[in-house]
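This structure is a prediction, so every number in the text was calculated from the model and none was measured.
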Amino acid sequence: MTFHPRGESTMAYYPIAPGHQVNVRRGPSTDSELVKVLPQGSSVPIRCQTRGETISGPCGTTDIWDCIAPGQYVSDSYVKTGSSDFVAVRCSG
């Protein structure tokens with residue numbers, strides 16, 4: 001995990017699983033609109049986390065989704081947080 005300054009506060013960045021591209025969705029499920037695809041080697045900031053569709057990926061099976069920007073979610077099963085639980089505040093709303 002590395003830290004990058006982002007203006008108003010410092011946010012932790014986490015690497016996505018090596019060798020994987022990751023779909024970014026409008027909401028916490030694979031039924032949500034595809035916003036973009038993160039290339040291999042990306043790191044993402046986790047603004048908040050929420051529960052959603054259960055996904056199995058290289059980092060485990062989980063229903064936790066990471067909000068990386070407003071309206072942009074990735075399954076935590078593709079993000080190397082070092083934990084199988086929440087590592088950031090829960091998303092409100």
Open item on the list: Quick check on the hydrophobic clustering: are Phe86 and Tyr13 connected, directly or via other members, by side-chain heavy-atom contacts under 4.5 Å?
Closed with: no

Task: Cys67 and Cys48 SG atoms less than 2.5 angstrom apart - done: no

TODO: Quick one: pull up CG in Asp63 and CD in Glu53 and give me the separation to the nearest 0.5 Å.
DONE: 10.0 Å

Task: Val24 reachable from Ile55 in the ILVMFWY side-chain graph, under 4.5 Å edges - done: yes

Open item on the list: Among residues at least two apart in sequence or on other chains, which ones pass ring pair (Phe, Tyr, Trp, His ring centres under 6.0 Å) with Tyr78?
Closed with: His20

TODO: Could you tell me the separation between the CD1 atom of Ile16 and the CG atom of Asp76, rounded to the nearest 0.5 Å?
DONE: 12.5 Å

- [ ] Return the minimal non-hydrogen interatomic distance between Ser32 and Pro28, and the atom names on each side.
- [x] OG-N, 4.2 Å

Open item on the list: According to side-chain contact (heavy atoms from CB on, under 4.5 Å), who are the partners of Ser83, at least two apart in sequence or on a separate chain?
Closed with: Thr81, Asp85, Val87

Open item on the list: For the backbone of Val37 and the side chain of Gln21, can you confirm whether one donor and one acceptor N or O come within less than 3.5 Å of each other?
Closed with: no

Open item on the list: Give me the atom names and distance for the closest heavy-atom approach of Val35 to Gly71.
Closed with: CG2-O, 4.0 Å

Task: Trp65 (side chain) donor-acceptor with Gly27 (main chain) under 3.5 angstrom - done: no

- [ ] For residues Pro58 and Lys80, determine if any side-chain heavy atom of one lies less than 4.5 Å from a side-chain heavy atom of the other.
- [x] no

Task: Beyond-backbone contact of Val44 with Asp66, side-chain heavy atoms, under 4.5 angstrom - done: no

Task: Separation of Ile68 CD1 from Arg47 CZ (nearest 0.5 Å) - done: 10.0 Å

Open item on the list: Going by salt bridge (Lys or Arg N to Asp or Glu O under 4.0 Å), name the residues that satisfy it together with Arg90, two or more places apart in sequence or in a different chain.
Closed with: none

Open item on the list: Quick check for you: to the nearest 0.5 Å, what is the distance between Lys36 atom NZ and Arg25 atom CZ?
Closed with: 14.0 Å

